[in-house]
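A short worksheet on the structure shown next.
Not measured: the values here are computed from a predicted model.
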2 protein chains.
Amino acid sequence: MDTHNRPPTIADVARQAGVSIATVSRVLNGSTPVVGETAERVQEAIRALKYVPRTAARVLASRRTNTIGLLLPEISDAFFSPMLRGIEAAARETGFDLLIHVTGEPSSATRAHPPLGEHNTDGLLIFTESLEVEEIERLHALGLPLVLMHQSVESHEIPTITIENKDGAFRIVDHLIKVHGRRRIVYLRGPERHEDSLWRERGYCEALEANGLPVDPELIRVGAFDRQTAEAAVGEMLKRGVDFDAVFSGDDESALGVLTALQAAGRHVPDDVAVVGFDDVPFAPFLAPALTTVRAPIEQVGREAVRQLVRLIRGEQAEALTLLPTEVIVRNSCGCK
Amino acid sequence: MDTHNRPPTIADVARQAGVSIATVSRVLNGSTPVVGETAERVQEAIRALKYVPRTAARVLASRRTNTIGLLLPEISDAFFSPMLRGIEAAARETGFDLLIHVTGEPSSATRAHPPLGEHNTDGLLIFTESLEVEEIERLHALGLPLVLMHQSVESHEIPTITIENKDGAFRIVDHLIKVHGRRRIVYLRGPERHEDSLWRERGYCEALEANGLPVDPELIRVGAFDRQTAEAAVGEMLKRGVDFDAVFSGDDESALGVLTALQAAGRHVPDDVAVVGFDDVPFAPFLAPALTTVRAPIEQVGREAVRQLVRLIRGEQAEALTLLPTEVIVRNSCGCK
DNA sequence: TATAATAATGTAAGCGCTTTCAGAAAGCGC
DNA sequence: GCGCTTTCTGAAAGCGCTTACATTATTATA
């Protein structure tokens, strides 16, 4: 027993095994060959003392944190779980720890100087809207490996992972027009400057044009990827008597608000108004009617982001842009049976 | 410029400000008073050099990690987001970092020896089913602050945060009986040995008894808090012709499966069979019919868990058991309008 | 004015590891 | 057998901080 009853250190293990601490370190890390018999003695000592290396000491000595940081603007309801699942799984598989930080409001102090960075991670996963561009550039200039998710920063060659937003949007809007004959389709965009939303809007516009339909600015509203905002937006259009026969909701979350507003106004979905979303969150099939939407491979985005980041950390070349495919999932809210 | 272009250290700041590194450390930590003018010079140097203290060095020197670890068995769809939101917010407010680890299968190797523990956290939040009891006891014996969520370990005075499972279950089942005259109520329990589920079952039984109804073992099935399992369980009862007029689903997630199975069999909800859940996940109001359920203050459980853990870390007394209240949320799936 | 407190700062000893470097041991060709 | 690699192991120098403890500057007290 130690005087202070401190947890065992590498020195205790070395003493117990009758070797130097360097040798213990070697069997711990497998960095340099150690003769079988010696290694066995060390392992035994480790077991006997229930020794666990202090992470901080390793980090300090090796200058590697073995930790990936994840920066998020907020923890959303439906989107967040699958993404984190992907990230966590990939991090675990590659042996990295995961440190999470939510940056909050764009004005927030932690935005400018997040507690995650060069000093305590080997690299950062930056989800859209979680960090000011200047801070991203500062970190990048420092040489910290960075991967962006659902956001691209023009001026730099920082790897970005995102999904086929435009393509998915195009196809689902095209479906609404070609299959269901809709002509006045509302697009409920996400938060301002949100990249996913911009690309989806582009896909929406292209689908209209491809079908010889005009893009009516009156039909493009802000849903903010948020239930309440979407509900209010649709409610207001209804009240103002805006003519529309379908709603393409920027994401599934806000589709809930759309459904609520429509129902409150006595409009039937999909007969009066078809409603489609984007993301394919887990509860999408269970809505009334079951939501036709675009499946976004969210979990895979998480996995892929970690993969690229790990490459960067290892000094390998990373993919500049990873665009994961989306897929239209036809259910009932578009009018299909 | 440094030869190696290394990020600045405390020594660089000290040199620049013309003070000793100890003084820099003091203005950094506010541990000992520093004269205003000196402090100002140090702050300037920090700004000028864009200095950020290396976490590992601080941790090693101070023997405090300033990090809370969260251990989870998996990342569920609906339950996880609000819980993490609460945990993250509370951790941030109290200045702790958050390290997350998913332990996976009970048989998994990381179960026995998780990468989170005494060596890299000041304390651990342990969610039900994420760690073997022996490992919990080892950590506790070591003096590592621990807080359990939705799980209590008999033999030890480890603070536990959970919710009024029994009470909530009692009231919702009572509602089914008293208001809607249901008599053959199925209970779909969660994973085996899951504490929430056990308490909910107890509430279910007590509600039956309080109303003079028998507890029929045939009506208690395993839903495993899982959509597919629940669907299969109900499907099987339907096929076997088991007589029931209501289902109390152990959680909302599995209620989805119940709804699917019932719909597939042409049973109308709530007229033929009333369905109620537990948790009140965000999409509960949007199901068809809107789900009557018990609201579990999940986010608050997260906050509270961190609060208690921080107390423990600070050497203060923590609440042995925190039982957060639940509330029946009446919607339509029980038969109410 | 001398002296004891008191407050602010500096000095230096670690914290527990990794890693460089050098030395010892062992194998090899000749 | 002799030098020469090739392996394995140990000694020791940090990694960048915090924090006793020592020192100096300042003020209060007699």
Exercise. Determine, for nucleotides 10-16 of chain C in 5'-to-3' order, which nucleotides have protein heavy atoms under 4.0 Å from the base (write B), from only the sugar-phosphate (write S), or from neither (write -).
Key: BB--BBB

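A donor-acceptor pair is defined here as one N or O able to donate and one able to accept, closer than 3.5 Å; such a pair exists between the side chain of B:Thr160 and the backbone of B:Ile158. Formation of a donor-acceptor pair under 3.5 Å by the A:Glu195 side chain with backbone atoms of A:Ser152 is found in this model. In this structure, A:Thr94 contributes its side chain and A:Ala91 its backbone to a donor-acceptor pair below 3.5 Å. Between the side chain of A:Thr322 and the backbone N or O of A:Ile161, no donor-acceptor pair lies under 3.5 Å.
A:Ile313 CD1 to A:Thr121 OG1: the interatomic distance, rounded to the nearest 0.5 Å, is 7.5 Å.
A:Arg58 and A:Asn66 form no side-chain donor-acceptor contact under 3.5 Å, judged by distance and modelled atom types alone.
Checked for salt-bridge contact, A:Glu132 and A:Arg138 miss the test: no charged N lies under 4.0 Å from a carboxylate O. Between A:Glu304 and A:Arg307 there is a salt bridge, with a side-chain nitrogen of the basic residue lying less than 4.0 Å from a carboxylate oxygen of the acidic one.
Listed by residue number, B:Thr32, B:Pro33, B:Val34, B:Val35 are the residues of residues 28-35 of chain B with a heavy-atom contact under 4.0 Å to DNA chain C.
Taking only side-chain nitrogens and oxygens, A:Ser25 comes nearer than 4.0 Å to OP1 or OP2 of C:dT18.
The aromatic rings of A:Phe79 and A:His150 sit perpendicular, their planes meeting at an angle over 60°, well past the 30° parallel limit. Aromatic ring pairs are classed by plane angle as parallel below 30°, tilted from 30° to 60° and perpendicular above 60°; the pair B:Phe225 and B:His194 is perpendicular.
Overall, the helix from C:dT1-D:dA30 to C:dC30-D:dG1 carries an axis bend of 40° between its ends, with five pairs at each end and the value rounded to 10°.
The distance from atom CZ of A:Arg15 to atom C1' of D:dG10 is 16 Å, rounded to the nearest whole Å. B:Glu37 places its CD atom 16 Å from the P atom of D:dA25, with the value rounded to the nearest Å.
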